Peer 1: 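This structure is in structure tokens; I'll ask about it shortly.
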Protein chains: 2
Amino acid sequence: MSTEQPDMPELKIESGSGQQTNVQPLQLGKRLREIRKSLNLTLEEASQKTGLARSTLSKIENEQISPTFTAVQKLAHGLQIDIPQLFAKPRTTMASGRRVLTKSGQGTPHPTSTYEHELLSTDLARKKMVPFKTRVRARSFDDFGDWVRHEGEEFLLVLEGELALYTEFYEPVAMVAGDSVYYDANMGHALVSLSETDALVLWIVAR
Amino acid sequence: MSTEQPDMPELKIESGSGQQTNVQPLQLGKRLREIRKSLNLTLEEASQKTGLARSTLSKIENEQISPTFTAVQKLAHGLQIDIPQLFAKPRTTMASGRRVLTKSGQGTPHPTSTYEHELLSTDLARKKMVPFKTRVRARSFDDFGDWVRHEGEEFLLVLEGELALYTEFYEPVAMVAGDSVYYDANMGHALVSLSETDALVLWIVAR
DNA sequence: CAATAAAATAGCGTATAGGAAATATTTCCC
DNA sequence: GGGAAATATTTCCTATACGCTATTTTATTG
């Protein structure tokens with residue numbers, strides 16, 4: 001594995017490619033073999049880690065038997081894989097790898113009356129999250145017409161300043177730099193700066 | 001852990017609900033019963049939908065037997081639940097509108113040799129994102145055994161310090177406070193601090 | 001290529017999961 | 001509460017998963 005030194009900061013953009021198909025025949029055996037191989041384990045070693053017999057592992061991998069749930073648990077525990085991952089889509093090990101780097105202050109601006117969003121990740125197709133850095137200009141809840149509500153979930157971390165988070169079913173709560181909150185975006189929500197200057201938050205929306 | 005500075009004054013409250021739902025005995029049976037009940041199905045009906053015998057279902061629900069993987073598949077298919085969901089932590093459907101506030105430094109610590117994670121949102125039943133505040137201890141890429149790869153996508157924002165992001169298909173890139181990056185977590189990735197002190201990043205994983 | 005070692009697979013006995021039917025329990029009328 | 005219907009559990013038998021050991025296959029080295 002090459003240990004090269006990092007190059008200097010610089011904005012790199014790679015637009016995402018869009019493949020992704022579902023529907024797995026779910027070949028547990030094949031999957032397990034892949035995982036074991038990737039861990040460079042022999043059946044014997046895997047056997048010791050999991051407490052299952054070599055032969056059993058072999059049979060599972062070759063789909064000669066259907067492991068009991070307890071066996072699957074032992075496998076997952078022994079090989080350090082979590083069970084949901086076992087059943088997740090095939091590993092898109094290939095060149096689905098993409099990244100987008102955004103330098104400080106170089107995001108795409110998107111101002112509103114109450115917020116000043118800076119979109120931190122430009123066109124990465126079909127991404128699961130949308131990250132903003134947001135300057136909160138609102139100084140009172142009345143600056144908002146009504147609750148903001150939408151599908152998805154949101155996480156936010158206060159970067160600077162002090163603000164109040166208003167949410168529909170709870171009391172408003174004060175937050176300072178370093179505090180974070182996670183909530184369902186279907187619940188009405190709004191941010192108000194409590195300091196003289198605008199507050200700054202990192203804001204992430206998941207679909 | 002908690003190398004954090006104590007946090008600032010606070011007004012209204014809403015302490016992060018910090019209950020531990022750790023390490024599940026993973027009571028598949030109980031879980032299945034819940035699901036079946038919630039679908040208003042009798043054992044007989046569930047039997048017809050899944051192709052498994054009433055008695056078998058009963059035994060599974062009462063944890064008298066450990067279903068084979070094929071049985072689990074039939075269950076999942078017949079009852080329209082996807083398998084990962086079966087093994088996820090307790091329901092706690094946060095769709096009903098919920099929020100979790102985490103005060104600075106009050107997250108759940110989770111140290112490794114290279115990173116020091118602070119989980120910012122406790123018991124995320126089925127959340128779409130998992131937020132960490134992470135202290136990067138690694139000083140060289142060699143501190144990692146091999147690439148870290150897993151399902152999902154990641155966003156990260158540098159909070160303090162200076163670091164290098166190594167990713168599988170790209171050149172490593174330097175990042176300073178305020179910079180952020182979004183990438184596919186299936187692509188191998190690793191963070192290395194370039195400063196003398198540990199670097200601090202906000203790290204979010206979407207499934 | 002042999003010879004040998006290492007790893008994976010196959011055979012077989014035992015433990016246990018799965019199905020059909022009997023039994024027990026709960027639910028719901030009257 | 002007593003019965004009857006619906007639902008759940010238990011029993012018993014067959015099918016199959018699991019572990020031990022033997023065998024075959026694959027990798028290594030002279």
Side-chain angles (χ1 to χ4, degrees), chain A residues 1 24-88 90-91 93, chain B residues 23-88 90-91 145-146 149:
Chain A
M1 172 134 335
Q24 69 269 68
L26 205 49
Q27 288 163 292
L28 184 61
K30 257 183 89 177
R31 192 63 171 287
L32 278 173
R33 172 148 298 176
E34 270 175 33
I35 293 175
R36 179 173 62 83
K37 293 284 189 190
S38 79
L39 294 174
N40 265 69
L41 293 177
T42 147
L43 280 181
E44 174 58 31
E45 294 164 323
S47 165
Q48 301 190 347
K49 283 183 185 296
T50 59
L52 292 168
R54 281 204 316 278
S55 57
T56 304
L57 292 174
S58 170
K59 289 167 197 165
I60 292 174
E61 291 187 354
N62 290 314
E63 324 228 299
Q64 295 178 15
I65 65 179
S66 172
T68 60
F69 177 65
T70 51
V72 173
Q73 279 183 307
K74 288 181 186 173
L75 267 166
H77 180 260
L79 301 185
Q80 305 266 61
I81 46 188
D82 70 1
I83 302 185
Q85 187 181 327
L86 257 185
F87 306 105
R91 290 231 277 127
T93 317
Chain B
V23 183
Q24 70 275 63
L26 203 49
Q27 288 160 292
L28 185 60
K30 261 183 89 175
R31 191 62 171 288
L32 278 172
R33 175 149 294 177
E34 272 175 29
I35 293 176
R36 179 173 63 83
K37 293 286 189 190
S38 78
L39 293 173
N40 265 66
L41 293 178
T42 147
L43 280 180
E44 174 58 31
E45 293 165 324
S47 165
Q48 303 193 344
K49 284 184 183 295
T50 60
L52 292 168
R54 282 203 313 281
S55 57
T56 304
L57 292 175
S58 171
K59 288 171 203 166
I60 292 174
E61 291 187 354
N62 290 314
E63 323 227 300
Q64 295 177 16
I65 65 178
S66 172
T68 60
F69 177 67
T70 51
V72 173
Q73 284 188 118
K74 288 181 185 173
L75 268 166
H77 182 258
L79 301 185
Q80 306 264 58
I81 46 188
D82 70 3
I83 301 185
Q85 187 180 325
L86 259 185
F87 305 106
R91 308 306 235 57
D146 194 4
R149 289 193 202 86

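Note that this is a predicted model, so its numbers are computed, not measured. In what follows, every chain begins at residue 1, and chains take the letters A, B, ... in the order their sequences are listed.
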Peer 1: I'd like to check B/V72 versus A/V72 (side-chain heavy atoms, cut-off strictly below 4.5 Å). Are they in contact?
Peer 2: no
Peer 1: Grab the CG-P distance between B/L32 and D/dT9 for me, whole Å please.
Peer 2: 13 Å
Peer 1: Between D/dC18 atom C1' and A/I60 atom CD1, what is the distance in whole Å?
Peer 2: 9 Å
Peer 1: Less than 4.0 angstrom between a side-chain N/O of A/K37 and OP1 or OP2 of C/dA8, yes or no?
Peer 2: yes
Peer 1: Please give, in whole Å, the distance from C/dA8 C1' to A/E61 CD?
Peer 2: 9 Å
Peer 1: Near DNA chain D, which residues from residues 43-56 of chain A have a heavy atom under 4.0 Å away?
Peer 2: A/G51, A/L52, A/A53, A/R54, A/S55, A/T56
Peer 1: Rounded off to whole Å, could you give me the CD1-to-P distance for the A/I65 and D/dA17 pair?
Peer 2: 6 Å
Peer 1: For the residue pair B/L75 and B/L57, establish whether any side-chain heavy-atom pair is separated by less than 4.5 Å.
Peer 2: yes
Peer 1: With a 3.5 Å cut-off and just heavy-atom distances, do the side chain of B/K74 and the base of C/dG18 make a donor-acceptor pair?
Peer 2: no
Peer 1: Do you know which two heavy atoms are closest between A/K74 and A/T50, and how far apart they sit?
Peer 2: CB-O, 3.5 Å
Peer 1: Specify the residue among B/S66 and A/R36 whose closest nucleotide of DNA chain C lies further upstream toward the 5′ end.
Peer 2: A/R36
Peer 1: Please report the interatomic distance CZ(B/R36) to CZ(B/R33), rounded to the nearest 0.5 Å.
Peer 2: 5.5 Å
Peer 1: Measure from CD on A/Q73 to C1' on D/dC18 and round the result to the nearest Å.
Peer 2: 16 Å
Peer 1: Given atom CG of A/L57 and atom C1' of D/dA17, what is their separation to the nearest angstrom?
Peer 2: 13 Å
Peer 1: Determine whether a donor-acceptor pair (one donor, one acceptor, N or O, separation below 3.5 Å) exists between the side chain of B/K59 and the base of D/dT11.
Peer 2: yes
Peer 1: Dump every N/O contact between nucleotides 27-29 of chain D and the protein below 3.5 Å, one line per pair.
Peer 2:
none

Peer 1: Quick one: closest heavy-atom pair of B/E63 and B/L28, and the distance?
Peer 2: OE2-N, 3.6 Å
Peer 1: Do B/R54 and B/T42 have side chains that approach each other closer than 4.5 Å (heavy atoms only, starting at C-beta)?
Peer 2: no
Peer 1: Answer yes or no: does a side-chain N or O of B/N62 lie under 4.0 Å from OP1 or OP2 of D/dT9?
Peer 2: yes
Peer 1: Would you say B/R33 places a side-chain N or O within less than 4.0 Å of OP1 or OP2 belonging to D/dT7?
Peer 2: no
Peer 1: Donor-acceptor pair, distance only, cut-off 3.5 Å: does the side chain of B/S66 make one with the backbone of A/T70?
Peer 2: yes
Peer 1: Taking 4.0 Å as the cut-off, does a side-chain nitrogen or oxygen of B/T68 come that near to OP1 or OP2 on D/dT16?
Peer 2: no
Peer 1: Below 4.5 Å, heavy atoms only, C-beta onward: do B/K49 and B/E45 meet side chain to side chain?
Peer 2: no
Peer 1: For C/dT9, does either OP1 or OP2 sit under 4.0 Å from a side-chain N or O belonging to A/S58?
Peer 2: yes
Peer 1: Using OP1 and OP2 only, check whether a side-chain N or O of B/Q64 sits under 4.0 Å from C/dA17.
Peer 2: no
Peer 1: If we only count heavy atoms from C-beta on, is the A/L43 to A/E61 side-chain gap below 4.5 Å?
Peer 2: yes
Peer 1: Nearest whole Å is fine: how far is D/dA17 P from A/F69 CZ?
Peer 2: 17 Å
Peer 1: If we ignore hydrogens and angles and just use 3.5 Å, is the side chain of A/T68 paired with the main-chain N or O of B/P67 as donor and acceptor?
Peer 2: no
